[in-house]
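Proteins come first, then strands; the chains are lettered A, B, ... in the order of their sequence lines, and each starts at number 1. None of these values were measured; they are calculated from a predicted model.
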Protein chains: 2
Amino acid sequence: MGKYDSLKLENQVCFPLYALSREVIKLYKPLLEPFDLTYTQYITMMVIWEEKKILFKDLGSRLFLDSGTLTPVLKKLEAKGLVTKYRNKDDDRVVTVEITQKGMELKEKIAKVPEDMYKSFKGDREKLMELKKLLDDLLQEDSK
Amino acid sequence: MGKYDSLKLENQVCFPLYALSREVIKLYKPLLEPFDLTYTQYITMMVIWEEKKILFKDLGSRLFLDSGTLTPVLKKLEAKGLVTKYRNKDDDRVVTVEITQKGMELKEKIAKVPEDMYKSFKGDREKLMELKKLLDDLLQEDSK
DNA sequence: CACCTTTTGATTGTGCACAATTTAATTTTC
DNA sequence: GAAAATTAAATTGTGCACAATCAAAAGGTG
């Protein structure tokens with residue numbers, strides 16, 4: 001191995017991670033466009049659909065996103081009428097995010113997106129599950 | 001499996017891909033800061049270090065980045081004196097990007113970054129190679 | 001050769017992503 | 001219980017990332 005081989009793009013692990021991530025998000029785009037959601041808005045809604053009501057702080061740690069990213073995303077989701085936000089009565093610093101009726105209705109309509117995404121995948125499904133396991137492991141390792 | 005389980009964040013493959021990608025880029029930050037490079041600038045330099053001279057178009061396809069991203073990145077690298085750009089004499093549309101002396105010198109100095117990154121990784125190295133293989137496969141599949 | 005299509009890179013506008021700072025409120029400490 | 005430390009979210013500024021558009025140039029077609 002040459003002196004600078006470790007500086008070659010093809011020898012990086014992070015690069016295909018980064019590139020594939022962006023490529024997959026591009027695949028989501030046409031599926032989410034009919035629902036007027038970006039990918040970040042979509043994964044944010046996923047957590048809110050599951051929890052119905054969640055603290056801003058917890059939402060951030062679930063998504064690995066900080067307030068600088070999440071604040072404007074939630075403002076847009078609120079403007080679309082999908083969620084509401086309010087400050088805690090006991091502790092004014094704490095913000096709770098809650099699903100609205102309209103937000104729940106979107107969940108019904110959008111339920112086919114993961115299915116469509118999965119169907120469009122032509123490769124080996126075993127490998128995909130293997131990949132997910134490796135990623136989840138590393139992500140957990142990192143967040144410790 | 002419940003009706004909406006496929007809409008749960010934990011069941012997505014793309015999410016850990018996206019989240020881990022960002023986490024790893026964050027790990028690069030303190031390593032690249034002494035060299036005044038962002039992660040995107042770093043991987044761009046990687047290709048230019050390897051090729052010495054490369055067409056703008058080819059650089060974009062290597063990095064999976066379009067001109068809207070790459071143009072300003074290269075402007076910054078040029079402003080730092082690491083690369084030069086010039087238009088082809090025969091075809092004025094075509095831009096060539098070339099490494100400078102200062103750019104080559106940076107390669108020497110930065111050579112320890114991949115090593116440091118690898119050393120800082122505490123997990124299973126076998127798994128990391130397995131991950132890279134899966135990612136490279138899927139990325140190649142996608143770009144076909 | 002004039003017209004049409006394609007190619008190439010730059011520009012514009014929107015939406016993250018995150019570090020750093022700020023503001024406000026709460027908790028801890030002495 | 002006032003000062004100090006901590007916490008939570010918002011704000012600010014920088015840097016991508018990409019779709020859409022544009023402008024210029026090259027190449028193909030009749």
| task | Please confirm whether Arg22(A) makes a cation-pi placement over Tyr18(A), using NZ or CZ under 6.0 Å from the six-membered ring centre and within 45° of the ring normal. | result |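 Yes, cation above the ring, under 6.0 Å and within 45°.
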Short heteroatom pairs, N/O only, protein and nucleotides 4-8 of chain D, under 3.5 Å:
from	atom 1	to	atom 2	distance (Å)
dT7(D)	O2	Arg93(A)	NH1	2.8
dA8(D)	OP1	Lys57(A)	NZ	3.2
dA8(D)	O3'	Arg93(A)	O	3.2

| request: Name all residues meeting the ring-ring contact (aromatic ring centres under 6.0 Å, His included) criterion together with Phe56(B); count only those two or more places apart in sequence or in a different chain, and write none if there are none. | output: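 Expected list: none.
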| request: Just jot down the ring-ring contact (aromatic ring centres under 6.0 Å, His included) partners of Phe15(B), sequence neighbours excluded, or say none. | output: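 Testing Phe15(B) for ring-ring contact (aromatic ring centres under 6.0 Å, His included), a comparison that skips the adjacent residues, returns none.
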| Rounded distance (nearest 0.5 Å) linking atom CG of Leu135(A) with atom CG of Leu139(A) |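 Rounded to the nearest 0.5 Å, the CG-CG separation comes to 8.0 Å.
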What is the distance from [atom1] of [X] to [atom2] of [N], rounded to the nearest Å?
{"X": "Phe64(B)", "N": "dA17(D)", "atom1": "CZ", "atom2": "P", "value": "14 Å"}
{"X": "Glu23(B)", "N": "dA17(C)", "atom1": "CD", "atom2": "C1'", "value": "11 Å"}
{"X": "Gln41(B)", "N": "dG15(D)", "atom1": "CD", "atom2": "P", "value": "8 Å"}
{"X": "Asp90(B)", "N": "dA26(D)", "atom1": "CG", "atom2": "P", "value": "9 Å"}
{"X": "Asn88(B)", "N": "dT7(C)", "atom1": "CG", "atom2": "C1'", "value": "13 Å"}
{"X": "Leu55(A)", "N": "dA9(D)", "atom1": "CG", "atom2": "P", "value": "7 Å"}
{"X": "Ile25(B)", "N": "dC16(D)", "atom1": "CD1", "atom2": "P", "value": "11 Å"}
{"X": "Asp92(B)", "N": "dG9(C)", "atom1": "CG", "atom2": "P", "value": "11 Å"}

| How are the rings of Tyr39(A) and Tyr28(A) set relative to one another: parallel (under 30°), tilted (30 to 60°) or perpendicular (over 60°)? |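 Correct class here is tilted.
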| Salt bridge flag under 4.0 Å for residues Asp137(B) and Lys133(B) |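 Between Lys133(B) and Asp137(B) there is a salt bridge, with a charged N closer than 4.0 Å to a carboxylate O.
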| message | Atom NZ of residue position Lys52(A) - does it have more than 12 heavy atoms of other residues, nucleotides or ligands inside 6.0 Å? | response |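 Atom NZ in Lys52(A) is crowded, with more than 12 foreign heavy atoms closer than 6.0 Å.
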| Near Glu108(A) CD, under 6.0 Å, is it more than 12 heavy atoms from other residues, nucleotides or ligands? |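 Counting neighbours around CD of Glu108(A), more than 12 heavy atoms of other residues, nucleotides or ligands fall under 6.0 Å, so yes.
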| said: Does dA17(C) have its OP1 or OP2 closer than 4.0 Å to a side-chain nitrogen or oxygen of Thr40(A)? | reply: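 So the side-chain polar atoms of Thr40(A) do come within 4.0 Å of the phosphate oxygens OP1 or OP2 of dA17(C), strictly under.
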| said: Does dC18(C) have OP1 or OP2 under 4.0 Å away from a side-chain N or O of Arg22(B)? | reply: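 For dC18(C), OP1 or OP2 has a side-chain N or O of Arg22(B) closer than 4.0 Å.
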| query | With a 3.5 Å cut-off and no angle check, do the side chains of Glu50(A) and Tyr4(B) form a donor-acceptor pair? | reply |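 Absent: no donor and acceptor within the cut-off.
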| task | Report the residue (Thr69(A) or Asp66(B)) whose heavy-atom-nearest nucleotide on DNA chain C is the more 5′ of the two. | result |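 Whichever sits nearer the 5' end wins; that is Asp66(B).
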| said: Does anything in residues 71-80 of chain B come within less than 4.0 Å of DNA chain C? Heavy atoms only, and list the residues if so. | reply: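 Within residues 71-80 of chain B, the residues near DNA chain C are Thr71(B), Lys75(B).
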| task | Please list, by residue number, the residues of residues 28-39 of chain B whose heavy atoms come closer than 4.0 Å to an atom of DNA chain D; answer none if no residue qualifies. | result |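 Output list: Thr38(B).
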| said: The criterion is side-chain hydrogen bond (donor to acceptor under 3.5 Å, both in side chains); which residues satisfy it with Glu10(A), sequence neighbours excluded? | reply: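 Not a single residue meets the side-chain hydrogen bond (donor to acceptor under 3.5 Å, both in side chains) criterion with Glu10(A).
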| Taking the side chain as C-beta and beyond, is there a heavy-atom pair between Leu20(A) and Phe64(B) under 4.5 Å? |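 When only atoms from C-beta onward are counted, Phe64(B) and Leu20(A) do not touch, as no gap falls below 4.5 Å.
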| field | Within-4.5 Å side-chain heavy-atom neighbours: Leu82(A) and Ile99(A) | value |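 With C-beta onward as the side chain, the pair stays apart.
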| Touch class at under 4.0 angstrom, heavy-atom based, for Leu65(A) against every strand present |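 Sugar-phosphate, backbone atoms only, no base.
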| request: Kindly point out which of dC16(C), dC18(D), dC16(D) is positioned nearest to the side chain of Tyr18(A)? | output: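 The answer is dC16(D).
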